[in-house]
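Below: one structure, written as structure tokens.
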Amino acid sequence: MPAQMYQYDRLVEEWPTRFHLRVDPDGGGLLLANASEAAYLSASGVIMARGVLEERDDEEIAQEVRDKFRGAPKAQIAADLATVRQLIADLCEPGDNYPITNLDDPRASGWTRELAAPFRADVVQGDLESSRELLRRLWDAGIPHVSILAQPDAEPGELPLLVEAAGDLGMICGLRSVASWLTPEIIEQAAMAGLDYLDVLYVSDSEESHDEIAGAGDHENALAAFAQCHELELCPVAQMPLIEGNADEIEEMMGQLRDAEVTNVVCFALACPDNDEEARTAGALPARALPQVATDIIEAVEATQARYLWAPPVRFDNTKTLAEQVKRGPRTAGDIAIRVGADGSVLPARGRGSAGNLMSQPWDDIWGHECFRRYRKRLKAATRCSDCPDLEICVADCPKDPRGWSDDREGGDDQ
């Protein structure tokens, strides 16, 4: 099978499921259901999954596998095919519809395989035509999931058009914004255009503290946006920055989100090295505090039965205000994502530097750039230690090590 993307729709009773089957250069692949569940497939599993999704019978599928893999035992093929059918049936079950941002363990997530592309791209909103072209190029690269990052100086009325463009390509599409940058009309239009979920900045359960950073009236707007999502049957997501000012309010914040029926939370730390007094004074969390804050998040989530997802920590930039950096959000919403600037520049989830420009370079050149090679090498390295051996935030990289943060400072050191 050629390395490319295949899209399928299945309806079980009243529950629709959108499948993306991506075939990678090594013949293996990824099967995504509504971009909320993902399974890695072997080369034979790819053939089986495609056959099942195309509603072909078992004998026809088995014959294709035998033709491709000479000598494969019939009993093994039958057992594997039954497993794939059950996998697809399980993925069709209704459940949490929030798109994934992290796998259970990035070191075992398939980075060692010859993947064609990451799962997701977080794309900064630019002018309409350029943004549409970026979406087309991302889809052609084999990326099935995009999140549009709304910008305060861009035209909000174009956001539903970008959502529609992503949907026309077959992409799962989300939207991330500060609540005050959107109107209820824009949210409704985006939902009608096919938006799958809405990420809204949520800084504090205190209206005063939240508005001090996000802007006057934004706390009220955020809660209203969450409520509107429920009315529109749109998945609401709270994007929670972890800073010095709210580190002691996590339990209260999670409680308010529970009352608002928001069960999906993306957490990102705005962090600084322990010796950066200027950043700490401005409101950044010192590196040594991150494991404890992560523990507090886990305990609060368990108490409220919410679902939390870790975005890579963001290194605080002393040339920018706390509010500017909080409103910008994380570089990406996880380690299986990339960030694409409005100009087409491509950045991995962690580290420094761009891997190239999607508007002027082939995807294969970008994906093979040294920037991504360093990133994949770092993800495969052991990061566990005896200090906090069980924290999930430690799986991809040690949260106390600035080398594993996303770092978009201009100039500056690399430590």
Side-chain angles (χ1 to χ4, degrees), residues 36 95-102 174-182 184 187 197-271 283-286 289-311 313-314 322-323 325-327 329-330 333-334 388 390-394 399:
S36 62
D96 194 335
N97 62 346
Y98 178 65
I100 56 172
T101 59
N102 277 311
L175 173 61
R176 186 270 181 192
S177 183
V178 176
S180 298
W181 298 350
L182 305 175
I187 295 174
Y197 62 95
L198 176 66
D199 276 30
V200 174
L201 180 67
Y202 177 72
V203 184
S204 173
D205 62 306
S206 162
E207 181 176 342
E208 180 180 0
S209 298
H210 177 105
D211 290 355
E212 183 178 354
I213 291 176
D218 190 74
H219 188 267
E220 181 180 355
N221 290 336
L223 296 181
F226 293 145
Q228 186 181 10
C229 284
H230 292 304
E231 295 172 2
L232 296 170
E233 297 184 348
L234 181 64
C235 182
V237 183
Q239 194 172 87
M240 184 187 297
L242 301 174
I243 56 178
E244 187 71 36
N246 66 9
D248 295 330
E249 302 173 7
I250 290 171
E251 183 177 354
E252 291 80 7
M253 293 172 71
M254 292 301 301
Q256 186 174 75
L257 290 175
R258 177 198 56 209
D259 294 343
E261 299 182 72
V262 178
T263 57
N264 292 289
V265 182
V266 175
C267 304
F268 73 98
L270 196 55
L285 282 174
L290 266 59
Q292 182 57 55
V293 172
T295 300
D296 294 343
I297 287 285
I298 293 170
E299 292 175 351
V301 163
E302 289 175 348
T304 57
Q305 297 184 321
R307 182 184 182 192
Y308 69 98
L309 301 161
W310 292 114
V314 175
L322 176 69
Q325 296 176 75
V326 166
K327 287 188 283 189
C388 42
D390 300 321
L391 277 180
E392 293 179 24
I393 194 176
C394 301

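Numbers here simply count residues along the sequence, with the first being 1.
Side-chain atoms of T304 and L257, non-hydrogen and from C-beta on, never get closer than 4.5 Å to each other. No side-chain heavy atom of Y197 sits less than 4.5 Å from a side-chain heavy atom of P236. Inter-residue side-chain proximity for V200 and V262 is flagged as unmet; no heavy-atom pair is nearer than 4.5 Å. Taking the side chain as every heavy atom from C-beta outward, V265 and I297 never approach each other to under 4.5 Å. When side chains are defined from C-beta on, R176 counts as touching L201, because their heavy atoms get closer than 4.5 Å. Here the side chains of L290 and V293 are not in contact, with every heavy-atom distance at 4.5 Å or above.
Judged purely by atom type and a 3.5 angstrom limit, N221 has no side-chain atom pairing as donor or acceptor with the backbone of A179. Using a distance-only test at 3.5 Å, with no hydrogens or angles considered, no donor-acceptor pair links the side chain of N264 to the main chain of V237. The backbone N or O of D205 lies less than 3.5 Å from a partner atom in the side chain of Q256, making a donor-acceptor pair. With D211 contributing its side chain and G217 its backbone, the two residues share a donor-acceptor pair below 3.5 Å. Between the D199 side chain and the Q239 main chain, no donor and acceptor come within less than 3.5 Å of each other.
Checked against side chain to side chain donor-acceptor pair (under 3.5 Å), S204 has the following partners two or more places apart in sequence or in another chain: E249.
Contact detail for P241 and V326: the closest heavy-atom pair is CG-CG1, 3.7 Å. When all heavy atoms of L198 and A225 are compared, the closest pair comes out as CD2-CB, 4.5 Å. In plain terms, the two heavy atoms of A311 and V266 that are nearest each other are CB-CG1, 4.2 Å. When all heavy atoms are compared, the tightest approach of E244 to A284 is OE1-O, 3.8 Å. Considering all non-hydrogen atoms of both residues, V301 and R307 come closest at CG1-N, 4.4 Å. Across all their heavy atoms, L285 and A289 have their closest contact at CD2-CB, 4.5 Å.
Note: D296 CG to M254 CE = 12.0 Å, rounded to the nearest 0.5 Å. Here M253 contributes atom CE and L242 contributes atom CG; the two are 7.5 Å apart, rounded to the nearest 0.5 Å.
More than 12 heavy atoms of other residues, nucleotides or ligands sit less than 6.0 Å from atom CD of Q228. Other residues, nucleotides and ligands contribute more than 12 heavy atoms inside 6.0 Å of the CD atom of E252.
Classified by interplanar angle (parallel below 30°, tilted 30° to 60°, perpendicular above 60°), the ring pair Y202/H210 is tilted.
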